Amino acid sequence: MPRSFIRSLVAALTPFGGAAFAEAEVAPRKMPPLLSRKVDFAEEVKPILARSCTICHANGKSKGGFNMDHIHSFVGGGDSGPAVVSGDSGKSLLVELLLSNDPDERMPVKGDPLSLEEIAVIRTWIDQGMQWEKGFTFAKFRNAPIAPRKVALPGGNSANPVDRFLSPYYAENNIEEVPPVGDEVFARRVYLDVLGILPTAGELQSFRQDARTDKREQLVKNLLSDKENYAEHWVTFWNDNLRNSYTRQYHGGGGKPITGWLKSALSENKPYDQFVRELIDPVGGSDGFIKGVAWRGTVNASQVTEMQAAQNVAQVFMGLNIKCASCHDSFINDWTLKETYSFAAIFAGGPLDIHRCDKPTGEKAEPAFLYPELGTIDPQASPEKRVAQLAKIMTSPENGRMTRTIVNRLWAIFFGRGLVEPVDEMDNPAWNTDLLDWLAVDLAENGYDLKHTMSVLLNSRAYQRPAVSLDEEADEFVFAGPVVRRMFAEQFLDGLDQIILAAKGSPAVARGTGRKRAGSRNLDRLMRTLGRPKRDVVVTRRESRATTAQFIELSNGRSVADLVAKGGKEWLDSGRAPTALVEDLFVSSFARDPSPKELKSALDIIGRPVTARGIEDLLWMLVMHPEFQLIH
């Protein structure tokens with residue numbers, strides 16, 4: 001509860017005799033005096049923090065955005081700002097919260113509050129400059145297994161393996177079985193997830209009228225077989241992952257765009273192990289990823305192209321963050337600076353000079369792979385042969401981490417949250433380890449066919465459950481259905497183009513948007529505002545929460561206004577009767593018919609007689625509505 005609201009409530013209660021209540025319940029304890037001696041972090045501070053704070057704020061947990069695994073995150077604070085001001089405990093939020101008597105804000109929230117003697121130790125330590133034991137972290141790093149693990153499929157009545165694994169999970173977590181979503185919701189969801197576009201009115205009508213009991217499986221099969229639209233949609237995801245910018249105007253050299261190779265690989269559904277192998281050990285047109293970005297001017301040692309290659313291969317294909325360990329021994333996992341440089345040296349012409357925080361240490365790193373149990377790199381081999389060795393090791397059947405990482409990414413795309421979170425930290429535990437391991441092995445056993453895994457996920461009853469909101473403050477995630485997600489920038493713009501195209505109403509109009517898909521167009525201001533990255537860094541997941549800048553752009557931006565105005569004219573020129581026009585607009589936008597109340601209001605909006613401006617107003621209302629912008 002915000003402190004401003006609490007103060008307002010207290011002020012309101014005071015005239016009615018609430019002063020005593022406010023004094024007893026809200027007033028903080030008095031600040032204890034500073035100690036006159038030197039405080040020892042290891043002997044005094046660390047035990048207090050470990051006992052009272054780590055359950056919510058360490059070992060990967062960040063309640064309220066605050067994590068204290070190491071000194072940098074401790075100082076950085078959380079959602080409310082910096083936690084401490086070194087040298088001034090009186091201005092430190094941490095001390096204020098430790099002294100609070102307000103149950104909504106005091107720390108620790110659970111358990112007994114710190115004694116005044118303990119708070120005196122903490123504030124004295126802060127005033128004395130917060131000396132932290134060198135190399136110490138509260139985190140207990142977990143290293144996930146590398147080898148694949150074959151899991152027996154549980155018994156059960158469901159034909160879908162995902163549902164077989166989740167059936168006991170639902171029972172254990174008291175999640176009720178619910179009917180699947182209706183045909184309209186399912187169709188809109190699966191079209192956007194597989195092809196990135198909306199179902200047309202004709203496609204939706206055909207699906208509704210289909211009497212086959214397996215019509216959803218047949219629809220999934222049909223969408224996955226649409227090579228052109230599949231590639232046009234999934235190129236967006238892989239462009240973000242592989243830093244494939246169409247213009248690359250932000251650097252002075254390095255790799256060229258890999259768009260042609262990438263679209264071809266997606267269209268032909270290249271086996272994932274081959275896909276990865278050709279990106280690490282490039283073939284014609286695929287070398288842009290591994291060559292990285294040759295930045296202009298003086299470059300930090302952690303951003304030379306060899307280090308970029310190591311960081312990006314680890315992150316994208318192994319779900320491993322070694323960026324911290326590119327500057328110093330990592331605070332977030334147990335990778336060391338030397339191990340990271342040895343991995344980067346695989347891509348270099350010779351041994352790399354190790355730099356700690358951009359300062360040379362005088363040591364050199366010989367080429368070596370991060371997981372020697374999977375295979376070794378010959379340090380005497382040429383760079384080309386070393387990279388070929390790496391590509392073979394990375395894509396070997398023994399590397400279960402690679403398959404776990406990609407099936408987890410697919411799960412996160414379709415369900416809104418991964419089996420492991422964050423998706424780039426695959427050492428974290430999965431909320432269903434057996435399901436993750438089964439999916440990873442199943443992918444490998446089916447020829448690394450990503451469309452096979454997609455089909456398994458999309459045909460599950462789990463995917464067809466009603467969408468739910470994600471409780472980001474919950475202590476523990478419990479899966480109850482796909483999480484409601486916002487459209488990507490490209491999906492929003494393609495959807496708007498589709499609505500405009502639908503005005504033509506011709507059965508001959510092919511599936512698509514009537515123009516170049518947004519994912520194949522150069523980055524512009526509108527797409528940047530709506531969340532499309534510049535692709536100067538790897539982005540494996542876009543932010544789903546809306547921003548103020550997006551609200552402003554959608555409400556007042558010229559680009560959207562021009563598109564909506566074009567739509568108003570196109571729909572007016574279609575010659576439809578008013579009721580048919582409104583009904584078709586609703587089906588094209590929401591994949592459903594308008595309610596009687598919506599129909600009456602919409603007819604008033606478009607005017608009597610109908611005007612282009614009236615249709616424009618209705619179209620704007622529809623595409624601004626959460627029902628259009630969210631994937632339910």
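All values derive from a computational prediction rather than experimental measurement.
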* Can E421 and N428 be said to form a side chain to side chain contact (heavy atoms under 4.5 Å, CB included), step by step? -> CA-CA 7 Å; E421 283 289 336; N428 288 344; over 6 Å; no
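- A donor and an acceptor atom, one from each side chain of N244 and T259, are located under 3.5 Å apart.
- Salt-bridge check for E583 with R576: failed, with every basic side-chain N at 4.0 Å or more from each acidic carboxylate O.
- Side chain of W571 to backbone of I499: a donor-acceptor contact under 3.5 angstrom is found.
- Checked by atom type, the side-chain pair Y246/N239 shows a donor-acceptor distance below 3.5 Å.
- The heavy-atom pair separating V539 from P533 by the smallest distance is CG2-CB, 3.9 Å.
- With Q209 contributing its side chain and S206 its backbone, the two residues share no donor-acceptor pair below 3.5 Å.
- The closest side-chain heavy-atom distance from L204 to Y191 is not below 4.5 Å.
- Legend: residues meeting side chain to side chain contact (heavy atoms under 4.5 Å, CB included) with V441, ordered by chain and number and at least two apart, are P148, K150, E445.
- Looking at R532, its side chain never comes within 3.5 Å of a backbone N or O of D240 through a donor-acceptor pair.
- The closest side-chain donor-acceptor pair between E278 and Q274 falls under 3.5 angstrom.
- The two residues V178 and R461 come nearest to each other via the heavy atoms O-NH2, 3.3 Å.
- K451 forms a cation-pi arrangement with Y230, by the criterion of a distance under 6.0 Å to the ring centre and an angle within 45° of the ring axis.
- Between L526 and L493 there is a side-chain heavy-atom pair separated by less than 4.5 Å.
- Contact record, Y272 with L450: CD1-CD1, 3.8 Å, taken as the closest heavy-atom pair.
- More than 12 heavy atoms of other residues, nucleotides or ligands shown are found within 6.0 angstrom of NZ on K263.
- Between F237 and W234, the ring planes lie perpendicular to each other; the angle is over 60°, past the 30° to 60° tilted range.
- Proximity of V276 to I406: side-chain heavy atoms (C-beta onward) are nowhere separated by under 4.5 Å.
- Between the side chains of S460 and N160, no donor N or O sits under 3.5 Å from an acceptor N or O.
- In terms of heavy atoms, T433 sits closest to R149 at CG2-NH2, 3.7 Å.
- Two residues are said to be in side-chain contact when any heavy atoms from C-beta on lie closer than 4.5 Å; R485 and L630 fail this criterion.
- Using a cut-off of 4.0 Å between Lys/Arg side-chain N and Asp/Glu carboxylate O, D210 and R212 are scored as salt-bridged.
- Using a 4.0 Å cut-off between charged nitrogen and carboxylate oxygen, D193 and R189 do not count as a salt-bridge pair.
- We find the OG-CG distance between S245 and D536 to be 8.5 Å, quoted to the nearest 0.5 Å.
- In summary, the side chains of D226 and N222 do not present any donor paired with an acceptor at a separation below 3.5 Å, with no hydrogens or angles considered.
- A heavy-atom distance below 4.5 Å is found between the side chains of D442 and N446.
- Here NZ of K597 is found 13.5 Å from CG of L599. Values are rounded to the nearest 0.5 Å.
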* To do: Any chance you could lay out the salt bridge (Lys or Arg N to Asp or Glu O under 4.0 Å) test for E553 and R525, step after step, and finish with the verdict?
  => CA-CA 10 Å; E553 181 66 31; R525 179 174 175 272; 2.7 Å; yes
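- Under the rule for a side chain to side chain contact (heavy atoms under 4.5 Å, CB included), the partners of N312 that lie at least two apart in sequence or sit in another chain are R243, F289, Q308, V538.
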Just distance, no hydrogens or angles: give the donor-acceptor pairs under 3.5 Å from side chains in residues 165-174, sequence neighbours left out.
{"residue": "Y169", "atom": "OH", "partner": "F479", "partner atom": "N", "Å": "2.9"}
{"residue": "N173", "atom": "ND2", "partner": "Y169", "partner atom": "O", "Å": "3.0"}

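- Using a cut-off of 4.0 Å between Lys/Arg side-chain N and Asp/Glu carboxylate O, R465 and D163 are scored as not salt-bridged.
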* Which is it for L192 and I197 under the side chain to side chain contact (heavy atoms under 4.5 Å, CB included) test, yes or no, and what are the steps along the way? -> CA-CA 5 Å; L192 284 168; I197 53 179; 5.8 Å; no
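- Between R592 and E627 there is a salt bridge, since a side-chain N of the basic residue sits under 4.0 Å from a carboxylate O of the acidic one.
- I631 has its side chain within reach of Q491: a pair of non-hydrogen atoms, C-beta onward, lies under 4.5 Å apart.
- Ring geometry for W411 against F415 counts as parallel: the plane angle stays under 30°, on a 0 to 90° scale with 60° as the upper cut.
- Applying the 6.0 Å contact sphere to CD of E228 captures no more than 12 heavy atoms from other residues, nucleotides or ligands.
- Salt-bridge check for R541 with D424: failed, with every basic side-chain N at 4.0 Å or more from each acidic carboxylate O.
- Ionic pairing of D562 and K566 is not present here: no N-O contact between side-chain nitrogen and carboxylate oxygen is shorter than 4.0 angstrom.
- When each of R486, Q629, M527 is tested with F492 by the rule side-chain contact (heavy atoms from CB on, under 4.5 Å), just one qualifies, namely Q629.
- Of the candidates R208, K215, R188, K215 is the only one forming a salt bridge (charged side-chain N to carboxylate O under 4.0 Å, His left out) with D183.
- A donor-acceptor contact shorter than 3.5 Å links the side chain of E543 to the backbone of R545.
- A pairwise comparison of heavy atoms in Q550 and T529 identifies CG-O, 2.9 Å as the closest pair.
- In this structure, the side chain of R401 engages the main chain of G319 through a donor-acceptor pair within 3.5 Å.
- A donor-acceptor pair under 3.5 Å is formed between the side chain of E203 and the backbone N or O of T200.
- Side chains of D593 and F586 form no contact here, defined as non-hydrogen atoms less than 4.5 Å apart.
- Counting only distance, with no hydrogens or angles, the side chain of N408 and the backbone of G418 share no donor-acceptor pair below 3.5 Å.
- In this structure a side-chain-to-backbone donor-acceptor pair under 3.5 Å is present from T403 to G400.
- Panel note: side chain S267, backbone S264; no donor-acceptor pair is recorded below 3.5 Å.
- Legend: residues meeting side chain to side chain contact (heavy atoms under 4.5 Å, CB included) with R515, ordered by chain and number and at least two apart, are D497, T513, R521, L563.
- Counting heavy atoms from C-beta outward, F275 and L262 have side chains that approach closer than 4.5 Å.
- Checked by atom type, the side-chain pair N229/R517 shows a donor-acceptor distance below 3.5 Å.
- Between D494 and H233, the side chains place no donor N or O within less than 3.5 Å of an acceptor N or O (distance only, hydrogens not considered).
- Checked by atom type, the side-chain pair S520/E232 shows a donor-acceptor distance below 3.5 Å.
- Annotation: side chain to side chain contact (heavy atoms under 4.5 Å, CB included) contacts of A201 (sequence neighbours excluded): V587.
- Closest approach of V484 and A467 over heavy atoms only: CG2-CB, 3.6 Å.
- Using a 4.0 Å cut-off between a side-chain N of Lys or Arg and a carboxylate O of Asp or Glu, E490 and R542 qualify as a salt bridge.
- S588 places no side-chain N or O within donor-acceptor distance of the main-chain N or O of L585, the cut-off being under 3.5 Å.
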Expected list for residues 603-615: side-chain donor-acceptor pairs under 3.5 angstrom, two or more places apart:
{"residue": "D604", "atom": "OD1", "partner": "R608", "partner atom": "NH2", "Å": "3.0"}
{"residue": "T611", "atom": "OG1", "partner": "G614", "partner atom": "N", "Å": "2.9"}

